K.L.:
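Handing you this structure, nothing more for now.
Values in this document were obtained by computation on a predicted structure and should not be read as measured data.
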Amino acid sequence: MKGIWIVGDQLIEDNLLIENSPQSPLIMIEHTGFSLSRTYHKKKLILVWSAMRHYAEKLRKRGADLTYVKTPEMEKTLNKWIKNKEIDELHISEPANIHLKKDIERLNHNCKVVFLPDNQFMWQAQEFRDWANSRKKLLMEDFYRTGRKKYEILIEKDGKPPGGKWNLDRENRKPPPKDGFQEEPPQHIKFPPDKITKEVIAEVERSQYPTYGKGKDFNLAVTHEDAKKALDYFIEEKLANFGSYQDIMLAGDNVLWHSILSPYLNLGLLHPLNVVKKAELAYYQKNIPLNSIEGFIRQILGWREYMHCIYNYKGDKYLKNNWFNHERELPTMYWYPERTAMNCMASVIEEVRDTGYAHHIQRLMVLSNFALLAEINPLEVKNWFHTAFIDAYDWVMQPNVIGMGQFADGGIIATKPYISSANYINKMSDYCRNCAYNHNHRTGVDACPFNYLYWAFLHKNNEKLRNIARMKLILKNLDRIDKKELKQILAQADDFLKSLK
């Protein structure tokens, strides 16, 4: 008898495992051992477990022979089911998590285990290996263009992109208008918890699991139907302005024109190709600006697929990268935002603690930027991101944090370290208006830590960074700083780093 194991982050609507064997018994396991092995945001646990239970309910209504178990003992539970159902061949989609696959392979089953292709992504691992092995550099831009051509997304009849450009990122960097928005950011779509979700919330709140953040005010989609509503709402209400304003940051609003579809994509509640095609259709039917459509599609067909492929291609060794040899422990402000006077850090971290979410520029240019300048061990940064975010999985966080955020891979993913002084944060946000520090000052009691840490970082890593083409102009600015002021900058940076706890 063939049996099918559906893993908790593969809640695919058109699941080929089930469609190809509709009479086979199914099992889903809420493995609470995962929740005990590391700290998770409360909203992440609520999201995953509620989505799993809703998925199970849908399968039961279709008449599936489903066994759903919540247990800390995955192997014992699975073997009991295999014996009771007389399973001699267990089918499972290739897990996105490398470690989970190894754990499954180590389990002592009395049956054959068959891993089938994971249809939750647009690229399969072997496809990427074939592409990567033919290239000297694994540039995301090249990968993205290949993906556009492969799936014929935003391609004109002559084979060229609309407007003649593949990437419109330069048009997507508008700062917040000084006189306010002509059209205020729309409210984000919310989904009130139903009976199942309320039960999960209660379980998480009274549990002894190591958790972070708040479970209160949970309002995420937990079904395919609601995830599709979230996608439709984003396209109708937000997508037109998404491109131009995707990089801005405002205190008290970590959503703005962003979609918050990543949790649903990463669980299987939405399929990336469907999302990309629906956005493309909106361009042709609704006259939505091309820079918004292209920017959104690039995040999914480009970065999301690229991160998953890099994770599989590089394997476990990638996590050990530490190009700058940073070893400082993660400061407690990442857990307790009230412990820093830096308004940008406090604002973003407080929102993450409340919601489990921050958009990509908050993650990259505030949270990751500070961690890199403050010489935090990249593995500690990655672990915090995995804990703090509702869309966090190993395949997402390893390349995004280790590679993109911390440049710990030395340039496999990014073409330069993504670092900045307070100037960028002041330009793209309102954080500096109500901060105890002055974003214009590089030294002195009111100088913004981002300023002296930035220049100190460039000075300390001068030799390494000079070999990176995109850093040469920046390093020329370092050379122009007066030696006396540079000495003050280095001393103040050193004192600040020593005070970090």
Side-chain angles (χ1 to χ4, degrees), residues 123 128 131-148 161 165-173 243 246-247 291 294-295 297-314 317-326 360-373 375 378 381-382 385 396-421 423-425 427-428 450 454-455 457-479:
W123 281 71
F128 183 78
W131 178 85
N133 291 338
S134 67
R135 314 185 73 82
K136 291 183 179 179
K137 291 186 177 181
L138 306 180
L139 294 178
M140 196 286 291
E141 184 64 27
D142 294 340
F143 171 83
Y144 168 58
R145 294 185 186 188
T146 302
R148 287 263 298 272
K165 294 181 180 179
W166 291 96
N167 187 319
L168 300 175
D169 190 45
R170 291 186 180 276
E171 298 179 28
N172 292 347
R173 302 174 185 174
Q246 65 174 294
D247 285 6
N291 67 308
E294 188 280 320
I297 287 176
R298 180 161 25 92
Q299 286 193 343
I300 298 172
L301 180 55
W303 272 113
R304 182 177 184 273
E305 291 292 321
Y306 183 65
M307 292 294 113
H308 179 245
C309 288
I310 287 288
Y311 169 78
N312 278 290
Y313 186 70
K314 291 298 179 180
K317 292 182 180 179
Y318 188 83
L319 193 59
K320 299 176 182 178
N321 282 315
N322 191 353
W323 197 63
F324 291 109
N325 297 314
H326 287 168
H360 68 288
I361 294 299
Q362 292 174 311
R363 300 189 199 199
L364 181 63
M365 299 310 298
V366 177
L367 301 173
S368 288
N369 185 14
F370 179 83
L372 181 51
L373 296 179
E375 303 172 356
V381 183
K382 179 265 175 189
F385 268 79
V396 179
M397 290 306 170
Q398 283 191 25
N400 264 304
V401 178
I402 300 295
M404 184 70 173
Q406 298 303 292
F407 203 76
D409 63 3
I412 294 173
I413 289 179
T415 54
K416 73 176 185 68
Y418 279 85
I419 51 175
S420 77
S421 65
N423 180 57
Y424 175 86
I425 296 171
K427 176 185 175 182
M428 299 305 297
F450 266 110
Y454 174 75
W455 294 108
F457 178 88
L458 293 176
H459 176 79
K460 291 177 186 178
N461 297 285
N462 198 329
E463 291 304 314
K464 272 192 170 186
L465 297 174
R466 283 191 181 278
N467 294 320
I468 300 173
R470 294 183 66 193
M471 294 300 296
K472 290 182 179 180
L473 182 61
I474 296 171
L475 291 172
K476 286 183 180 179
N477 293 330
L478 173 68
D479 295 337

K.L.:
Please evaluate residues I300 and E305 with respect to the criterion side-chain contact (heavy atoms from CB on, under 4.5 Å), reporting the C-alpha separation (whole Å), side-chain torsions for both, the decisive distance (0.1 Å), and the verdict.
P.N.:
CA-CA 6 Å; I300 298 172; E305 291 292 321; 5.6 Å; no
K.L.:
Would you call Y454 and I474 a side-chain contact if the rule is heavy atoms closer than 4.5 Å?
P.N.:
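Side chain of Y454 against side chain of I474, heavy atoms only: contact under 4.5 Å found.
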K.L.:
I'd like to know if D479 and R466 make a salt bridge, using a cut-off of under 4.0 Å between side-chain N and carboxylate O.
P.N.:
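Answer for the salt bridge query: yes.
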K.L.:
For D409 versus G403, what's the shortest heavy-atom pair and its separation?
P.N.:
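D409 and G403 have their closest heavy atoms at OD2-CA, 3.5 Å.
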K.L.:
Is there a donor-acceptor pair closer than 3.5 Å between any side-chain N or O of S368 and the backbone N or O of R363?
P.N.:
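Here the side-chain-to-backbone pair exists.
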K.L.:
For the side chain of N462 and the backbone of L458, is there at least one donor-acceptor N/O pair under 3.5 Å apart?
P.N.:
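No; zero donor-acceptor contacts below 3.5 Å.
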K.L.:
Can you name the nearest heavy-atom pair linking P378 to V401, along with the distance?
P.N.:
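For P378 versus V401, the nearest heavy atoms are O-CG1, 4.4 Å.
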K.L.:
Does the side chain of W303 reach to within under 4.5 Å of the side chain of M404, using non-hydrogen atoms?
P.N.:
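Yes - at least one pair of side-chain heavy atoms lies under 4.5 Å apart.
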K.L.:
Where do N400 and Y311 land on the side chain to side chain donor-acceptor pair (under 3.5 Å) test, with the steps shown first?
P.N.:
CA-CA 10 Å; N400 264 304; Y311 169 78; over 6 Å; no
K.L.:
Mind checking whether W131 and W123 have parallel, tilted or perpendicular rings, split at 30° and 60°?
P.N.:
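Aromatic pair W131/W123 classed perpendicular.
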K.L.:
Mind checking the CZ-CG spacing from R298 to N172? Nearest 0.5 Å is all I need.
P.N.:
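Separation between the atoms: 6.5 Å.
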K.L.:
Suppose we call two aromatic rings close when their centres sit under 6.0 Å apart. Are F450 and Y424 close by that rule?
P.N.:
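No: the rings miss the under 6.0 Å criterion.
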K.L.:
How about K314 and Q398: do any of their side-chain heavy atoms sit closer than 4.5 Å?
P.N.:
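Result no, sub-4.5 Å side-chain heavy-atom pair not found.
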K.L.:
Judged by atom type as modelled, is there a donor-acceptor pair below 3.5 Å linking the side chain of N321 to the main-chain atoms of Y318?
P.N.:
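Here the side-chain-to-backbone pair exists.
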K.L.:
Specify the closest pair of heavy atoms between T415 and R470, including all atoms of both residues, with the distance to one decimal.
P.N.:
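Distance-wise, the nearest heavy atoms are OG1-NH1, 2.5 Å.
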K.L.:
Check whether the side chains of H326 and N322 place a donor and an acceptor atom closer than 3.5 Å, and report yes or no.
P.N.:
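No donor-acceptor contact under 3.5 Å links the two side chains.
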K.L.:
Between atom CG of L139 and atom OG1 of T146, what is the distance when rounded to the nearest 0.5 Å?
P.N.:
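Separation between the atoms: 10.5 Å.
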K.L.:
Tell me if the centroids of the rings in F407 and W323 come within less than 6.0 Å of each other.
P.N.:
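Under 6.0 Å, so yes.
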K.L.:
Are M140 and I413 close enough that some pair of their side-chain heavy atoms sits under 4.5 Å apart?
P.N.:
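No; the side chains remain at least 4.5 Å from each other.
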K.L.:
When rounded to the nearest 0.5 angstrom, what distance separates NZ in K427 from OG in S421?
P.N.:
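The distance works out to 11.5 Å.
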K.L.:
For K165, I'd like to know if atom NZ has over 12 heavy atoms of other residues, nucleotides or ligands within 6.0 Å.
P.N.:
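Atom NZ in K165 is not packed in, count stays at 12 or less.
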K.L.:
Strictly distance-based, threshold 3.5 Å: is any side-chain N or O of R148 a donor or acceptor partner for the main-chain N or O of W166?
P.N.:
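Yes, R148 side chain to W166 backbone: donor-acceptor pair under 3.5 Å.
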K.L.:
Search all heavy atoms of I361 against all heavy atoms of Q246 and return the closest pair with its distance.
P.N.:
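Taking I361 first and Q246 second, the nearest heavy atoms are CG1-O, 4.1 Å.
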K.L.:
Mark yes or no for whether E294, through its side chain, and L168, through its backbone, hold a donor-acceptor pair below 3.5 Å.
P.N.:
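Such a contact is found between E294 side chain and L168 backbone.
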K.L.:
Could you go step by step and tell me if L465 and K416 meet the side-chain contact (heavy atoms from CB on, under 4.5 Å) rule?
P.N.:
CA-CA 9 Å; L465 297 174; K416 73 176 185 68; over 6 Å; no
K.L.:
Is there side-chain contact between L301 and Y306, with at least one heavy-atom pair below 4.5 Å?
P.N.:
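Heavy-atom side-chain distance check fails, nothing below 4.5 Å.
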K.L.:
Check whether E171 reaches the backbone of N291 with its side chain - one donor and one acceptor, N or O, closer than 3.5 Å.
P.N.:
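Between the backbone of N291 and the side chain of E171 there is no qualifying donor-acceptor contact (under 3.5 Å).
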K.L.:
Checking the side chain of N312 only, and the main-chain atoms of H308 only, is there a donor and an acceptor separated by less than 3.5 Å?
P.N.:
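Checking the backbone N and O of H308 against the side chain of N312, a donor-acceptor pair under 3.5 Å is found.
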